[in-house]
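Working notes, structure below.
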Amino acid sequence: MPTISYNKASRLEFMRRCAAEGMVLLADDAKNLPFGYEKVAVFGRSQIDTIKGGTGSGFVYCRHTVSLLEGLRASRVNLYEPLASVYEEWVKANPKDDGAGSVWGSGEHSYPEMPLDNAVVKDAAENCEKAIIIISRISGENFDMRLKKGDHYLTDGEEAMISAVSACFKHIVLLVNTGAPIDLSCVDKYSIETVLYMGQAGEQTGAAVASILDGSVNPSGKCTQTWAVKYEDYPSPKGFFGKEVVYREGIYVGYRYFDSFGIQPRYPFGHGLSYTTFDIKTTAASVEKDVLSVTVCVKNTGSVAGKEVVELYSSSPERLLEKPYQELRAFHKTALLEPGESDEYTFRLPLSELASYSTELAAYILEHGRYIIRIGNSSRNTVPAVAIDFGSRDGYTVTRQCKNLLTPTKKFREIKKPESEPTFENCAFELSVSEKVIKKEVCKYTEKRVPEELKPKAGAGRLTLFDVKEGRATVEDVVAQMSDEELSRFANGHTESDDVPADDGKGLVVGASSRTVMGAAGETWSSDKYKMPTSVVADGPAGVRLNLHVKDSNELRYCSAFPIGMLLAGTWNEDIAWEMGRRISHELTKYGIDAILGPGINIVKNPLCGRSFEYFSEDPYLSGMICAAEVTGVQKSSSGNSGTYATIKHLAANSQENHRVGGNSVVSERTMREIYLKAFEIAVKKAQPRSIMTSYNRLNGVFTANEFELCSDIVRSEWGFKGFFMTDWGGLEDAALCMSAGNDIIMAGWKAWHIKQALDNGSLERSCVQRSVVNILKAVIKTNSFKKLYRSERK
Ligand code: BGC
């Protein structure tokens, strides 16, 4: 495990490195970048009001955000200062509306642009060779983006600015400071040569983008979402949000749709340019038992050092099941390669990872036939490298037998891709694999709707978590002693309003309900009787979100604002995600907090989702791998357990903000398994996050928190999840159903009395609540809070 230094300089160095590595050079045929000695004029108010991240629970109070202008001034870019001064004066006189960019946002997604005086543009054009234009959007929790000017489309002010600048400048670099793809038809209309997705890169946004513009960093980020030529090209353009959304596009999300339906994207998934060039060759391929090995050699063939991402996609035969044209199965980010230097890497892929889910068979299957492995550096720039003839004759091999779960009650048809003639693709490597190599896994559904009740150990006296720590008891033994009232409380978060038996959520401040660390999102109950510490949880995901001000104190609590999820995943670099996790763990510990409510790994089904910025990608494999790396960073230190944990969220099919609470996502079982659950599955299997947050929405009519098939059958029995589930803050789920489903804690609280009532009237079994409290305490006993309590009382 590499050692990390947490001093100020190394923290800032990481913030810049991580931010710059996720930025994506989308277009630069004219090679305008990096800038040399030429003078550069910068247009757009966001050079000063640069957006660092999204709003809502994903907002982070950091000490200072480096704006684009500040970043450029500290860089080698030869900035045209007179224009910068014009903007500075105007912004001073026309400050941005604080509501829009504040923690809970206002629903407005852009700031008015400075009207451009022609004389100002002409003067800049006479003095500069190139222009930068920056466009920004603010998005966040509770509000989806709309198909209107200022949201997905440019405002009249922005359009006027681009029009005026392009009339005087031939060489324009457009910087896109948004949390998700927006309409970029201005690129065609005004022949803009260079486009850089700078995203919202946290507190060092301006410094990071400047490092790319002046060439001190060579861009190596890749798109995690497809940028469409026009909005209507996305698979779910109409009916993206609503009280009930039928996921008719099924498995065809993002590039799976564009590639299978022959729609040309503006910038494809996986795409991103560099200041150098790379040659990617597949040099070997073989199968040993059930593992495919593909070796690639990446050579820097250009004149500056750079990093490249090698992407491995597979195309599968389709007789029984329709399949997307291709799916991402693996990726590798190279080290920084000097000109002429090469990197050799071998992908090892269990063949079962190429399987698809058959609802009819309730199983993951590998159809017999020809699989093609494609290697390249974007979904639209690959070569067929390996052909695998799998299986001896027509048929299929089951890789994992499950049972039908989450079946929609509503009948609907998913879209079908157009018929196409099979083409024969020439591959450098041809392999033939017998179906006999596959070991079939049969899922055992061991979770019970009503488990056996735990009985107190006779004659053991009062047992506490200290006895568990010292090996005299199990967590189950401790929980067995708890009264119904205690269990009801402990299966809830602890908020101020819990002291009022009214249970009406009075005093509720969503996302700031902790009593111990003011301004953190919530906490669990403590009990001196059982030696249970309070365990505090905070948002997430782009850093620790705490209220800035502490009650009755002058202390201000600043935290590191990391890049948004989309940018972190845009690095395609698991080491960076891991380091971000380590740094978050460090800050949690500093503030006495045990858990981060993140990463958020919902699949970005449509770029209008208000929380697209928080999530990683339209692709479940990329999302799952980046998530697993970050979770490992949060939970593991060099000495083993870090004492902090991650809560991956929001399980699942929470694709919209407008009707997020109670909205119904109608999704087929196959689509759930292959798309919307897949990232969670990867994260659970690779990193065992200690907690999972269920979502506010319903899934096929049932609140996700109340869904036994989701929480218990799939996540626990099929995937082997060992942590605890928590609800999202103040959702509408039913407390008793929630406990029966295996959703362990209701956050941020307020429902203890519902649980107690359900126990009293027999609609909920005591054993279900015992199970939940056991799951919660098994995580709590691993926290720093427990360590601290134990040390202070046992020293
Ligand atoms: C959000 C969660 C967040 C929680 C606590 C909810 O409104 O959906 O993502 O973790 O608040 O702040």
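In each ligand, atom 1 is the first atom listed, and ligand 1 is the first ligand listed.
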Show the atoms of ligand 1 that are less than 4.0 angstrom away from any heavy atom in [X].
X    : answer
M693 : 10 (O)
R611 : 1 (C), 2 (C), 8 (O), 9 (O)
H650 : 2 (C), 8 (O), 9 (O)
K649 : 2 (C), 3 (C), 9 (O), 10 (O)
S57  : 1 (C), 2 (C), 3 (C), 9 (O), 12 (O)
L597 : 10 (O)

Do the charged groups of [X] and [Y] touch, with an N to O distance under 4.0 Å?
X    : Y    : answer
E203 : R11  : yes
R673 : E718 : yes
R660 : E657 : yes

Exercise for the section: Assess K782 against Y645: is NZ or CZ under 6.0 Å from the centre of the six-membered ring, and within 45 degrees of the ring's axis? Expected result: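 Not flagged: K782 not positioned over aromatic ring of Y645.
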Practice task
From atom 5 (C) of ligand 1, work out which of T727, V661, D539 has a heavy atom at the shortest distance.
Solution key: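 Among T727, V661, D539, the closest heavy atom to atom 5 (C) of ligand 1 belongs to D539.
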Exercise for the section: Could you label the plane-to-plane angle of the Y197 and W227 rings as parallel, tilted or perpendicular, counting under 30° as parallel and over 60° as perpendicular? Expected result: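 It falls in the perpendicular class, over 60°.
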Problem - N or O pair under 3.5 Å between W729 and ligand 1 - result: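 No: no nitrogen or oxygen of W729 is under 3.5 Å from one in ligand 1.
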Exercise for the section: Would you mind reporting whether D539 and F59 have side-chain heavy atoms less than 4.5 Å apart? Expected result: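 No. Closest side-chain heavy atoms not under 4.5 Å.
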Problem - R545 and ligand 1 - part of the residue with a heavy-atom distance under 4.0 Å - result: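 The part of R545 near ligand 1 is the side chain, not the backbone.
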Test item, [X] contacting ligand 1 (heavy atom, 4.0 angstrom):
X    : result
M726 : no
E614 : no
M747 : no

Problem - Side chains of R583 and S560, donor plus acceptor under 3.5 Å - result: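 No.
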